[in-house]
Every structure is written in C-alpha cells, then in structure tokens.
Chemist: 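The structure follows.
Keep in mind that this is a model prediction, so the values were computed, not measured.
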Amino acid sequence: EYKGQVAWIYRHFPLDQIHSKADKEAEAVECAKEQGGEDAFWKLVDKIYQVTPSNNGLNLDDLPKLAQDVGLNGGTLKSCIDSGKYAQYVEDDYQGGIKAGVTGTPGNILLDTKTGKTKLIPGALPFEQFKKEIDAMLQG
C-alpha cells in the first residue's frame, strides 16, 4: 500500500522466562535463513507455529525434521543450532528491543528514517490502527 515508503524489519524477542524454547527456535530460523534465504526463514517460522501445540510444546529435537519438511537439510540445521552460531545474534535482537522499550510480543516500533523519531506500539493490532500511525508519521 505504501509503494516503497515503508520497510518492515523483523527482530527476535524471545521471552525465554516464559517460553524456555524460544531462543533455540529463533536460532533455528536463522539457521534456516542461512541455508535457504528469506523464504526458508519464513517457511520454518510458519511450520514451527503450525505444529507447536502450546507454549513450550515443541520438542526441540524435532527442529531438523521440521526443516526437512520445508525443504531444508535437517542435519545442517541441527549442526548450525548446536554450534550456537546465532545465539548472540538473537540475544542482540532481544537487548535492542529492551532498549527500545519493548516489554512483550509483538512489540512494534515505527521509525521515521528522516527524523529519527520513533513510536512504540505494543501488541497485535489490526492493520487499520497501524495505518493511522504510519500515515501520521509520513505526514510529519
């Protein structure tokens, strides 16, 4: 709708105090991205949400199989997760969210790249509410 005026950036914010497996799941999708790009990242994210019965309900040992289900090499994904290669990356995303005032998920931050002005919008809101905020920011 905004024809190049808006960019959407995803950052990890694993609430491991209440979702103890969230860090490893975040690392897994980064490993998927390494293997197959953005499409692989989102396919594994979608698959994890599809098969997880409830908070912390996913057996982390199933991640390689889920990777295979979306067309990735499960062994390569497991090796990547086990290496901890993306642990700091995920932690840095989380700490960035804390610094920005995010307290839960989803946490949304609008950033005007021209002025540096930001607006924190907590929660899952309908597009129309985001649209109002985006429109206001674009109008200055």
Side-chain angles (χ1 to χ4, degrees):
E1 182 160 327
Y2 288 96
K3 297 177 180 82
Q5 293 179 293
V6 174
W8 183 73
I9 299 170
Y10 179 91
R11 301 261 169 91
H12 298 285
F13 198 75
L15 298 171
D16 52 8
Q17 311 89 332
I18 56 175
H19 306 294
S20 62
K21 298 176 183 178
D23 283 314
K24 285 298 177 189
E25 291 166 343
E27 290 175 49
V29 298
E30 289 300 328
C31 290
K33 180 180 174 184
E34 178 181 296
Q35 246 190 85
E38 295 287 331
D39 281 349
F41 175 96
W42 290 111
K43 284 179 182 177
L44 189 56
V45 166
D46 290 345
K47 188 69 171 179
I48 288 170
Y49 279 114
Q50 178 187 12
V51 303
T52 302
S54 63
N55 289 339
N56 295 321
L58 178 68
N59 180 344
L60 294 177
D61 292 336
D62 291 342
L63 288 169
K65 168 73 169 85
L66 298 179
Q68 288 176 299
D69 290 348
V70 299
L72 299 172
N73 182 306
T76 301
L77 186 97
K78 181 175 179 0
S79 293
C80 179
I81 295 167
D82 290 347
S83 76
K85 181 177 188 175
Y86 290 104
Q88 190 60 53
Y89 179 85
V90 170
E91 180 62 20
D92 290 347
D93 273 5
Y94 176 77
Q95 292 302 323
I98 293 290
K99 286 180 185 173
V102 176
T103 58
T105 59
N108 309 281
I109 301 168
L110 296 182
L111 165 66
D112 184 327
T113 58
K114 293 178 182 144
T115 66
K117 179 182 172 192
T118 63
K119 177 156 187 171
L120 178 64
I121 305 172
L125 302 176
F127 173 72
E128 286 306 314
Q129 285 183 274
F130 279 108
K131 185 174 179 358
K132 278 178 39 182
E133 298 291 346
I134 293 168
D135 290 345
M137 188 169 274
L138 288 173
Q139 291 174 2

Chemist: Can Leu110 and Val6 be said to form a side-chain contact (heavy atoms from CB on, under 4.5 Å), step by step?
Modeler: CA-CA 10 Å; Leu110 296 182; Val6 174; over 6 Å; no

Chemist: Mind checking the CG-CG spacing from Leu66 to Asp46? Nearest 0.5 Å is all I need.
Modeler: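 With rounding to 0.5 Å, CG (Leu66) is 12.0 Å from CG (Asp46).
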
Chemist: Between side-chain atoms of residues 112-123 and protein atoms elsewhere (two or more places apart, or another chain), which donor-acceptor pairs fall under 3.5 Å?
Modeler:
unit_1: Asp112; atom_1: OD1; unit_2: Lys114; atom_2: N; d: 2.8
unit_1: Asp112; atom_1: OD1; unit_2: Thr115; atom_2: N; d: 3.2
unit_1: Thr115; atom_1: OG1; unit_2: Lys117; atom_2: N; d: 3.1
unit_1: Lys119; atom_1: NZ; unit_2: Glu133; atom_2: OE1; d: 2.9
unit_1: Lys119; atom_1: NZ; unit_2: Glu133; atom_2: OE2; d: 3.4

Chemist: Can you sort out the partners of Tyr89 under ring pair (Phe, Tyr, Trp, His ring centres under 6.0 Å), two or more places apart, ordered by chain and number?
Modeler: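 For Tyr89 there are no ring pair (Phe, Tyr, Trp, His ring centres under 6.0 Å) partners, ignoring immediate neighbours.
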
Chemist: How far does CD1 of Ile81 sit from SG of Cys31, to the nearest 0.5 angstrom?
Modeler: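 Going from CD1 on Ile81 over to SG on Cys31, the span is 5.5 Å.
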
Chemist: Any donor and acceptor pair, going by atom type alone, linking the side chain of Ser79 with main-chain N or O of Thr76 inside 3.5 Å?
Modeler: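 Not at all, since once roles are kept as given, no pair shorter than 3.5 Å links the two residues.
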
Chemist: Once rounded to the nearest 0.5 Å, what's the spacing between atom NZ of Lys132 and atom CG of Leu125?
Modeler: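 Atom-to-atom, Lys132:NZ and Leu125:CG are 10.5 Å apart.
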
Chemist: What do the steps show when you test Phe13 against Ile98 for side-chain contact (heavy atoms from CB on, under 4.5 Å), and what is the final call?
Modeler: CA-CA 9 Å; Phe13 198 75; Ile98 293 290; 3.9 Å; yes

Chemist: Answer yes or no: is there a donor N or O on one side and an acceptor on the other, between the side chain of Asp69 and the main chain of Leu44, under 3.5 Å?
Modeler: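 Not confirmed, Asp69 side chain does not pair with Leu44 backbone.
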
Chemist: In plain terms, say whether Lys43 and Asp39 are close enough for a salt bridge, that is, a side-chain N and a carboxylate O under 4.0 Å apart.
Modeler: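 Judged by the 4.0 Å cut-off on N to carboxylate O distance, Lys43 and Asp39 do not form a salt bridge.
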
Chemist: Quick one: closest heavy-atom pair of Ala67 and Leu77, and the distance?
Modeler: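 Closest approach of Ala67 to Leu77: CB-CD2, 3.7 Å.
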
Chemist: For Asp135 and Tyr2, what are the C-alpha separation, side-chain angles and deciding distance, and is it a side-chain contact (heavy atoms from CB on, under 4.5 Å)?
Modeler: CA-CA 9 Å; Asp135 290 345; Tyr2 288 96; 2.7 Å; yes

Chemist: Taking NZ, NE, NH1 and NH2 as the nitrogens, is one of them in Glu27 or Lys24 under 4.0 Å from a carboxylate oxygen of the other?
Modeler: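 Salt bridge flag = yes for Lys24 with Glu27.
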
Chemist: With a sphere of 6.0 Å drawn around CZ of Phe127, does it hold more than 12 non-hydrogen atoms of other residues, nucleotides or ligands?
Modeler: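 It does: Phe127 CZ has more than 12 such atoms within range.
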
Chemist: Return yes if some donor-acceptor pair links the side-chain N/O of Lys21 with the main-chain N/O of Leu58 below 3.5 Å, else return no.
Modeler: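 Confirmed, Lys21 side chain pairs with Leu58 backbone.
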
Chemist: Compare every heavy atom of Gln68 with every heavy atom of Gly74, then report the nearest pair and how far apart it is.
Modeler: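 Smallest interatomic distance, heavy atoms only, reads N-CG, 3.6 Å.
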
Chemist: Working to the nearest 0.5 angstrom, can you tell me the gap between Lys47 NZ and Thr52 OG1?
Modeler: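 With rounding to 0.5 Å, NZ (Lys47) is 10.5 Å from OG1 (Thr52).
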
Chemist: How long is the straight-line distance from CD of Gln95 back to CD of Gln88, given to the nearest 0.5 Å?
Modeler: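 Nearest 0.5 Å value for the CD-CD distance: 9.0 Å.
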
Chemist: Considering only Ile, Leu, Val, Met, Phe, Trp and Tyr, and joining two whenever side-chain heavy atoms are under 4.5 Å apart, list the other residues clustered with Leu111.
Modeler: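 Besides Leu111, the cluster holds no residue at all.
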
Chemist: Assert yes or no for the condition that the ring centre distance of Phe130 to Trp8 is strictly below 6.0 Å.
Modeler: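 No, too far apart.
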
Chemist: Are Glu25 and His19 close enough that a side-chain donor and a side-chain acceptor fall under 3.5 Å?
Modeler: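 Note: Glu25 and His19 side chains miss the donor-acceptor criterion.
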
Chemist: Give me the atom names and distance for the closest heavy-atom approach of Leu72 to Ala32.
Modeler: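 Minimum heavy-atom separation between Leu72 and Ala32: CD1-CB, 3.5 Å.
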
Chemist: Say whether Val45 and Tyr86 are linked into one hydrophobic cluster, either directly or through other cluster members, by side-chain heavy-atom distances under 4.5 angstrom.
Modeler: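 No, because Val45 and Tyr86 fall into different hydrophobic clusters, even though each may have its own neighbours under 4.5 Å.
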
Chemist: Checking the side chain of Gln35 only, and the main-chain atoms of Asn73 only, is there a donor and an acceptor separated by less than 3.5 Å?
Modeler: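 Yes, Gln35 side chain to Asn73 backbone: donor-acceptor pair under 3.5 Å.
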
Chemist: Let me confirm one number: the CG-OG1 distance from Leu15 to Thr105, rounded to the nearest 0.5 Å.
Modeler: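 Here the rounded value is 5.0 Å.
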
Chemist: For the hydrophobic clusters of this structure (ILVMFWY residues joined by side-chain heavy atoms under 4.5 Å, transitively), does one cluster hold both Val90 and Trp42?
Modeler: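 Unlinked, Val90 and Trp42 end up in two clusters.
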
